[in-house]
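One-based numbering along the sequence shown.
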Amino acid sequence: MKRWPQHYTLYHKKYVIPCVNMAIKVIDLMTNIAALCVIVGAILEFGFELSDRLKDEFDLVYFWAWNMFLLERVCHLVLTRRGKRRAAYNFIGWTVNGLLTLTLIPIILHP
């Protein structure tokens with residue numbers, strides 16, 4: 001195992017890790033807001049008669065919410081530390097994340 005110089009690990013622990021943790025918290029917050037928007041949009045769309053213009057705007061909200069979900073999944077997989085990632089994701093977790101990501105691909109690539 002390669003040992004990093006002492007000044008590198010201090011810099012990494014003091015500056016890099018807090019920034020990464022803050023970015024993950026911000027992305028989690030944005031994902032929660034996107035999930036709330038999807039829930040409210042689904043209630044409005046299926047509970048009330050909406051105009052075509054409003055339905056198109058809800059489609060745009062859904063598109064950006066799904067993009068936010070995908071960004072959140074990718075950031076968690078890339079930015080979390082290996083020990084936490086390994087503890088948080090077992091085989092079932094990886095399978096569910098993979099399937100969710102596969103469902104997002106047609107939404108992103110749809111013209």
Practice prompt. Dump the intermediate steps for side-chain contact (heavy atoms from CB on, under 4.5 Å) on L29 and I33, then the final yes or no.
Written response: CA-CA 6 Å; L29 176 67; I33 292 170; 4.2 Å; yes

Worksheet item: Nearest 0.5 Å, what's the CE-SG distance between M30 and C75?
Response: 9.5 Å

Worksheet item: Would V61 end up clustered with L70 when hydrophobic side chains under 4.5 Å apart are linked, directly or stepwise?
Response: no

Worksheet item: Shared ILVMFWY cluster between L54 and F48, side chains joined below 4.5 angstrom?
Response: yes

Discussion item. Working to the nearest 0.5 angstrom, can you tell me the gap between K55 NZ and L44 CG?
Written reply: 12.5 Å

Practice prompt. Describe, in one word, how the ring planes of W66 and F69 are oriented to each other, choosing from parallel (under 30°), tilted (30 to 60°) and perpendicular (over 60°).
Written response: perpendicular

Discussion item. For E72, run the side-chain contact (heavy atoms from CB on, under 4.5 Å) check against T31, N32, I24 and tell me which one passes.
Written reply: T31

Worksheet item: Does the side chain of E57 pick up a donor-acceptor pair with the side chain of Y62 at under 3.5 Å?
Response: no

Item to complete: Give a yes or no on this: more than 12 heavy atoms of other residues, nucleotides or ligands lie within 6.0 Å of atom CG of D56.
Response: yes

